[in-house]
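Notes follow once the structure below has been shown.
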Number of protein chains: 2
Amino acid sequence: MPQLADQALVENALKQPLADFKVGVDNVIFSVDTARNRLLVLLVKRRDEPFLNYWSLPGTLVRKGESLENAAYRILEEKIRVHNLYLEQLYTFGGPGRDPRESEQSYGVRYLSVSYFALVRFADADIVNSQSGHVAWHFLEKLPNLAFDHQQILQYGYQRLRNKLEYSPIAFDVLPELFTLNNLYQFYTTILGENFSDYSNFRSRLLKLGFLFDTQEKVSRGAGRPASLYRFDSEAFAPLKDKPLVFI
Amino acid sequence: MPQLADQALVENALKQPLADFKVGVDNVIFSVDTARNRLLVLLVKRRDEPFLNYWSLPGTLVRKGESLENAAYRILEEKIRVHNLYLEQLYTFGGPGRDPRESEQSYGVRYLSVSYFALVRFADADIVNSQSGHVAWHFLEKLPNLAFDHQQILQYGYQRLRNKLEYSPIAFDVLPELFTLNNLYQFYTTILGENFSDYSNFRSRLLKLGFLFDTQEKVSRGAGRPASLYRFDSEAFAPLKDKPLVFI
DNA sequence: CCAAAAGTGTTACTGCTACACCCATGA
DNA sequence: TCATGGGTGTAGCAGTAACACTTTTGG
């Protein structure tokens with residue numbers, strides 16, 4: 001994809017003055033509805049032009065004295081109450097013309113979007129109810145048309161989610177304190193698809209890594225043998241940090 | 001590392017007006033001196049305050065109408081003539097206070113840095129000689145103190161370089177058209193360290209992947225059996241794109 | 001013929017895949 | 001006692017690490 005810059009473009013750029021920016025932060029917030037095995041994304045309905053009434057990623061413009069990461073957390077807190085989450089920076093989209101508001105050349109302010117990727121615990125993620133219906137979870141499989149280039153950002157975030165899941169323990173940031181191995185497996189299945197791995201192999205792989213502590217407590221769901229509840233043991237995990245792990 | 005935002009911080013932020021930004025692009029440009037097996041980074045000596053006379057990553061401020069990526073290419077072209085390279089976005093550093101020029105609260109313009117990571121072919125990377133001595137390759141092992149937070153950005157880029165090397169064919173963007181397997185091995189060794197893999201295992205792994213074409217041409221370096229020259233066959237590689245590969 | 005560099009092969013081991021099978025419970 | 005979900009075991013295969021070995025050159 002990268003290409004050498006056109007010499008003409010370079011020279012043209014140098015004749016231009018510096019661009020003035022407003023910086024936005026847009027969040028791709030995922031959650032897994034473990035009861036129904038659905039992967040969800042949080043979207044908000046726009047109440048202003050441009051793209052009035054389109055769904056979009058929750059975002060905000062960065063304020064004086066505020067760090068990018070803090071802005072990302074602020075968006076989250078404005079939309080949902082949540083106690084457990086994983087968050088990291090995704091990518092920065094900043095081509096001129098990505099936001100139609102730039103087109104009025106008069107002011108010439110550009111909008112740059114630093115996107116963040118978050119995964120939140122569904123159980124305690126309550127949508128803040130100030131503007132009912134304007135903030136909602138959407139199934140990833142059937143998304144509406146999104147404002148701006150948010151479809152692209154979302155795709156990028158989904159890719160990152162799947163990668164992270166394979167080599168990072170982010171699932172445990174978001175599962176309940178205690179969970180069965182089947183819960184864990186379903187979680188992975190919902191995100192990666194049905195055939196990502198055989199259940200029994202998944203079990204042994206994860207258990208062999210040695211950071212899942214069996215509490216011996218059992219839970220039953222209808223018929224069938226009761227399952228052990230496990231806890232993620234972050235101390236046992238610590239030495240494995242940075243090491244390349246495979247959860248797939 | 002991520003933490004829930006302090007509620008007080010959120011409320012404070014909302015009282016603030018939007019921040020005005022200038023956006024800078026900083027490049028972490030790596031190259032491998034294959035003759036001496038050294039990993040190099042391109043640095044420029046600052047000619048202005050702040051950090052006058054400190055070495056820093058080559059960077060620029062984004063101009064009107066210019067995309068981030070184009071700005072990244074522009075920096076490259078201003079500092080070195082190069083024909084083969086790999087380039088991708090790295091990370092965006094944007095906390096308030098990362099640039100001392102912000103501290104005069106009067107103007108309140110913030111400087112945000114979108115960093116790019118590049119790997120260039122050493123052989124044809126000629127430093128543009130407008131300001132002799134102010135642009136230079138440095139050994140990664142003995143870096144000077146860098147301006148701003150550039151040390152951090154560089155570390156981040158080095159991490160990315162090592163990761164990319166393990167699962168992407170970026171080495172071939174930067175090696176000569178024709179190379180011996182030993183050239184390739186040395187290239188990897190220079191970046192990943194001596195013990196990343198046994199030479200003969202590295203050979204067979206790479207050859208088994210099937211995208212290295214043996215030209216049958218031989219080249220000798222002093223005593224010893226002459227080595228075959230290979231060529232990266234991008235057509236043969238195409239189907240492997242996106243697939244998870246292991247080059248280690 | 002020897003040393004140096006390139007290239008091939010072998011062996012032991014690890015880890016994964018795809019199952020078959022056993023266990024504990026509710027109805 | 002059967003269906004259901006949880007959990008264990010194993011045989012075959014593939015991939016890897018470590019190292020011994022062969023080949024081709026220069027001196």
Side-chain angles (χ1 to χ4, degrees), chain A residues 34-37 165-167 171 175-176 178-190 192-231 240 243-248, chain B residues 34-37 165-167 171 175-176 178-190 192-231 240 243-248:
Chain A
T34 33
R36 301 194 233 172
N37 287 342
L165 214 57
E166 294 188 6
Y167 61 82
L175 281 170
L178 299 177
F179 52 87
T180 69
L181 289 178
N182 192 54
N183 292 154
L184 183 59
Y185 181 68
Q186 291 306 326
F187 186 91
Y188 270 76
T189 300
T190 314
L192 299 177
E194 280 301 328
N195 311 312
F196 83 97
S197 169
D198 177 279
Y199 172 57
S200 89
N201 292 329
F202 179 78
R203 276 183 63 88
S204 18
R205 210 180 310 122
L206 267 287
L207 288 178
K208 208 182 326 174
L209 291 173
F211 51 70
L212 294 184
F213 176 72
D214 184 347
T215 65
Q216 305 287 356
E217 289 179 67
K218 307 289 179 187
V219 309
S220 222
R221 49 167 179 146
R225 178 174 173 174
S228 258
L229 286 171
Y230 286 80
R231 163 182 289 120
L240 304 175
K243 303 251 155 69
L245 280 191
V246 183
F247 296 78
I248 28 156
Chain B
T34 33
R36 301 194 232 174
N37 288 342
L165 214 56
E166 293 188 5
Y167 60 82
L175 281 170
L178 299 178
F179 52 87
T180 69
L181 289 179
N182 192 55
N183 291 154
L184 183 58
Y185 181 67
Q186 292 304 327
F187 186 91
Y188 270 76
T189 300
T190 315
L192 298 177
E194 281 301 327
N195 311 314
F196 84 96
S197 169
D198 177 278
Y199 172 58
S200 90
N201 292 328
F202 179 77
R203 276 183 64 89
S204 18
R205 210 179 309 122
L206 266 287
L207 288 177
K208 210 183 322 175
L209 291 174
F211 50 71
L212 294 184
F213 175 71
D214 185 347
T215 65
Q216 304 288 356
E217 287 179 69
K218 306 290 179 188
V219 34
S220 216
R221 50 166 179 145
R225 178 173 174 172
S228 259
L229 286 171
Y230 286 80
R231 163 181 290 122
L240 303 175
K243 304 251 156 65
L245 281 190
V246 182
F247 296 78
I248 29 155

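Naming convention: chains lettered A, B, ... in sequence-line order (proteins, then strands); numbering from 1 in each chain. Note that the structure is a prediction, hence the values are computed from the model and not measured. What's counted below: heavy atoms across the whole structure, side chains too, no hydrogens, waters or symmetry copies.
Residues that satisfy the side chain to side chain contact (heavy atoms under 4.5 Å, CB included) test with A/Leu240, not counting sequence neighbours, are A/Phe211, A/Phe237, A/Leu245. Residues satisfying the side-chain hydrogen bond (donor to acceptor under 3.5 Å, both in side chains) test with B/Thr190, not counting sequence neighbours, are none. A/Asp214 is linked by a side chain to side chain contact (heavy atoms under 4.5 Å, CB included) to A/Gln216, A/Ser228, A/Tyr230, counting only residues two or more places apart in sequence or in another chain. Take B/Thr215 and apply the side chain to side chain contact (heavy atoms under 4.5 Å, CB included) test, not counting sequence neighbours, and it matches B/Leu178, B/Phe213, B/Glu217, B/Leu229, B/Arg231. Every ring pair (Phe, Tyr, Trp, His ring centres under 6.0 Å) that B/Tyr188 has, sequence neighbours left out, goes to B/Phe196, B/Phe202. In this structure B/Thr180 satisfies the side-chain hydrogen bond (donor to acceptor under 3.5 Å, both in side chains) test together with B/Asn183, sequence neighbours excluded. Residues passing the side-chain hydrogen bond (donor to acceptor under 3.5 Å, both in side chains) test with A/Ser200, sequence neighbours excluded: A/Asp198. Remark: B/Tyr199 pairs with B/Leu181, B/Asn182, B/Tyr185, B/Arg203 by the side chain to side chain contact (heavy atoms under 4.5 Å, CB included) rule, at least two apart or across chains. Not a single side-chain hydrogen bond (donor to acceptor under 3.5 Å, both in side chains) links B/Arg221 to another residue, sequence neighbours left out.
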Taking only nitrogen or oxygen atoms into account, show me every contact under 3.5 Å that the protein makes with nucleotides 10-14 of chain C, one pair per line with its distance.
none

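Note: A/Leu206 CG to A/Leu212 CG = 5.5 Å, rounded to the nearest 0.5 Å. Rounding to the nearest 0.5 Å places OG of A/Ser197 at 4.5 Å from CZ of A/Arg205.
We find that CZ of A/Arg203 is positioned 18 Å from P of C/dA18, with the value rounded to whole Å. Following rounding to the nearest Å, B/Asn182 (CG) and C/dT8 (P) show an atom-to-atom distance of 14 Å. Atoms OH (B/Tyr199) and P (C/dA4) sit 17 Å apart, rounded to a whole Å. For A/Asn195 and C/dA18, the CG to C1' distance is 13 Å, given to the nearest whole Å. Put simply, CG on B/Leu206 is 16 Å from C1' on C/dT8, counting in whole angstrom units.
Of the two residues near DNA chain D, A/Thr180 and B/Asp198, the one whose nearest nucleotide lies more 5' is A/Thr180.
Residue contacts shown for B/Arg205 are limited to sugar-phosphate atoms, with no base heavy atom under 4.0 Å away.
On the nucleic acid side, DNA chain D has its first and last nucleotide under 4.0 Å of a heavy atom of chain B at D/dA17 to D/dG26, going 5' to 3'.
Applying a 4.0 Å cut-off to non-hydrogen atoms, the residues of residues 218-229 of chain A that approach DNA chain D are A/Arg221, A/Ala223, A/Gly224, A/Arg225, A/Pro226, A/Ala227, A/Ser228, listed by residue number.
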